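Take a look at the structure set out below.
Everything numeric in this text was worked out from a predicted model, so none of it was measured.
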Amino acid sequence: MATKQILRRQIKRAIRALDYDTIATESHAISQVVRSLIASTHAKSVACYMSMDKGEVTTGEIIKNLFNDGKEVFLPRCTHTSESKHFKLRDDHHPHLIFHRMTSLTMVRDLKPQGPYQLKEPESHFEEATDLDLVLVPGVAFDLKTGARMGHGAGYYDDFFQRYKIVHDGHKPLLVGLCLVEQVTAPIPLEKHDFPMDCIVCGDGSIHWVK
């Protein structure tokens, strides 16, 4: 079985070779499926992410649909326990995610790049999410059978899911991975701190529920 580091390098290399039209086509297919999925689950509060310029499913259309459909929309900000004063999951202070409420598409468009990845992020004074019904999750690679997800290695999302379960007595939102066709691989080694997805929406328009 290939290590996560080797898999991550292989998938990133394949994604970098994709042209913008391919990513746009797959992202549009995903956005349509996600819209139907959210409607069918009756999710009201939905967390999404601001996509990078290249290398992952773009989320502009998804976010626009969320507002059009009257959902409560939350976007992530990378922070640190020394700044946020949130509880620590380890002995030392460490980075983590906070999701903040966005009240309009204009508010999203006005966000400025910041944080370790220079992505458009909410400001720290924006309202924090308390309860989420569904989280749309980015990643580098996904295993459609097991729901295993491999991120960029910083652990932001797995940390958030663990933190959420602690606060909500073991409950968590529905976790939906968004995956370009070129990001599908298997097997992905799962470690004890890794959270598998409940379902994965793929760039060919398919949806894969994990049993």
Using side-chain heavy atoms (C-beta onward) and a distance below 4.5 Å, is R8 in contact with M150?
yes
Residues H168 and T130: closest non-hydrogen pair is NE2-O, 2.7 Å
Using atom types as modelled and distance alone, determine if a side-chain donor or acceptor of T41 lies under 3.5 Å from a backbone N or O of L37.
yes
Quick one: are L136 and V34 in side-chain contact, heavy atoms under 4.5 Å?
yes
Do the side chains of L66 and I38 get nearer than 4.5 Å, heavy atoms only?
yes
Near K64 NZ, under 6.0 Å, is it more than 12 heavy atoms from other residues, nucleotides or ligands?
no
Considering only heavy atoms from C-beta outward, does the side chain of I11 approach that of T185 to under 4.5 Å?
yes
Do L18 and V201 sit in the same hydrophobic cluster, where Ile, Leu, Val, Met, Phe, Trp and Tyr count as joined when their side-chain heavy atoms come under 4.5 Å apart?
yes
D19 atom CG: more than 12 heavy-atom contacts under 6.0 Å:
yes
Test log, rule side-chain contact (heavy atoms from CB on, under 4.5 Å), inputs H100 and L75
CA-CA 5 Å; H100 295 270; L75 294 178; over 6 Å; no
Check whether any side-chain heavy atom of V73 lies under 4.5 Å from a side-chain heavy atom of F67, and answer yes or no.
yes
Taking a hydrophobic cluster as the set of Ile, Leu, Val, Met, Phe, Trp and Tyr residues connected by side-chain heavy atoms closer than 4.5 Å, whether directly or through intermediates, do L97 and L175 fall within one such cluster?
yes
For the CZ atom on R90, are there more than 12 heavy atoms of other groups (residues, nucleotides or ligands in this structure) within a distance under 6.0 Å?
yes
Give a yes or no on whether F161 and I166 share a hydrophobic cluster (residues Ile, Leu, Val, Met, Phe, Trp, Tyr; joining criterion: side-chain heavy atoms under 4.5 Å apart).
no
Side-chain (T146) to main-chain (A148) donor-acceptor, under 3.5 angstrom:
yes
Decide side-chain contact (heavy atoms from CB on, under 4.5 Å) for Y49 and V137; before the verdict, give the C-alpha distance in whole Å, the side-chain angles of both, and the deciding distance to 0.1 Å.
CA-CA 7 Å; Y49 63 93; V137 188; over 6 Å; no
Test of understanding: clusters of I, L, V, M, F, W, Y form through side-chain heavy atoms closer than 4.5 Å, transitively. Do V181 and I188 belong to the same one?
no
Do any N or O atoms from the side chain of H86 and from the backbone of T81 form a donor-acceptor pair under 3.5 angstrom?
no
Cation-pi check for F99 against R77: NZ or CZ below 6.0 Å from the six-membered ring centre and within 45 degrees of the axis, yes or no?
no
Could you tell me the separation between the SG atom of C48 and the CD1 atom of I62, rounded to the nearest 0.5 Å?
5.0 Å
Should R101 and E128 be marked as a salt bridge (Lys or Arg N to Asp or Glu O under 4.0 Å) after you check the CA-CA gap, both sets of side-chain angles, and the distance that decides it?
CA-CA 6 Å; R101 185 187 180 102; E128 291 185 23; over 6 Å; no
Between CG on residue L178 and SG on residue C202, distance to nearest 0.5 Å
10.5 Å
Determine the minimum heavy-atom distance between C199 and I207, stating which atoms define it.
SG-CD1, 4.2 Å
Does this structure show an ion pair linking K88 with D92, if we count only N-O contacts that are shorter than 4.0 Å?
no
State the CE-NE2 distance between M197 and H208, to the nearest 0.5 angstrom.
14.5 Å
Nearest 0.5 Å, please: how far is CD in Q10 from CD in E182?
14.5 Å
So, does K211 use its side chain to make a donor-acceptor pair with the main chain of K145 at under 3.5 Å?
no
Is there a path from L134 to V210 through hydrophobic residues (I, L, V, M, F, W, Y) whose side chains come within less than 4.5 Å of each other?
no
Would you tell me whether S84 and H96 have side-chain atoms, one donor and one acceptor, within less than 3.5 Å of each other?
yes
Between K172 and F195, is NZ or CZ placed under 6.0 angstrom from the six-membered ring centre and within 45° of the ring axis?
no
Looking only at heavy atoms, which two atoms of R149 and P138 are closest? And how far apart?
NE-O, 2.6 Å
Would you confirm whether D159, through its side chain, and Y156, through its main-chain N or O, come within 3.5 Å as a donor-acceptor pair?
no
Would you say the side chain of P122 lies within less than 4.5 Å of the side chain of F74, judging by non-hydrogen atoms?
no
Just by distance, do the side chain of S45 and the backbone of D131 share a donor-acceptor pair under 3.5 Å?
yes
Between E83 and S124 the two heavy atoms that sit nearest each other are OE2-CB, 4.3 Å
Please tell me if the side chains of L180 and E56 come closer than 4.5 Å, counting only heavy atoms from C-beta onward.
no
Determine yes or no for a side-chain-to-main-chain donor-acceptor pair under 3.5 angstrom, with K44 supplying the side chain and E72 the backbone.
no
Do S27 and T58 pair up side chain to side chain, a donor and an acceptor below 3.5 Å, judged on atom types alone?
yes
Value rounded to 0.5 Å, distance of CD in Q5 from CG in L7:
9.0 Å
CG on D198 to CG on L174, rounded to 0.5 Å
4.5 Å
Contact summary for G147 and I200, nearest pair of heavy atoms
CA-CD1, 4.0 Å
With side-chain contact (heavy atoms from CB on, under 4.5 Å) as the criterion, how do N65 and K71 come out once you've worked through the C-alpha distance, each side chain's angles and the decisive distance to 0.1 Å?
CA-CA 9 Å; N65 288 342; K71 305 302 180 183; over 6 Å; no
Is the shortest side-chain heavy-atom distance between R163 and L89 below 4.5 Å?
yes
Does a salt bridge link R35 with E61, judged by any charged N lying under 4.0 Å from a carboxylate O?
no
Any side-chain to backbone donor/acceptor pair from Y117 onto C78? Under 3.5 Å, distance only.
no
Please name the pair of heavy atoms, one in L132 and one in F160, separated by the smallest distance, quoted to 0.1 Å.
CD1-CZ, 3.9 Å
Would you say H152's side chain and V140's backbone share a donor-acceptor pair under 3.5 angstrom?
no
Run the side-chain contact (heavy atoms from CB on, under 4.5 Å) check on Y157 and D194 step by step: do they pass?
CA-CA 9 Å; Y157 276 87; D194 292 333; over 6 Å; no
Side chain H28, main chain A24, donor-acceptor under 3.5 Å
no
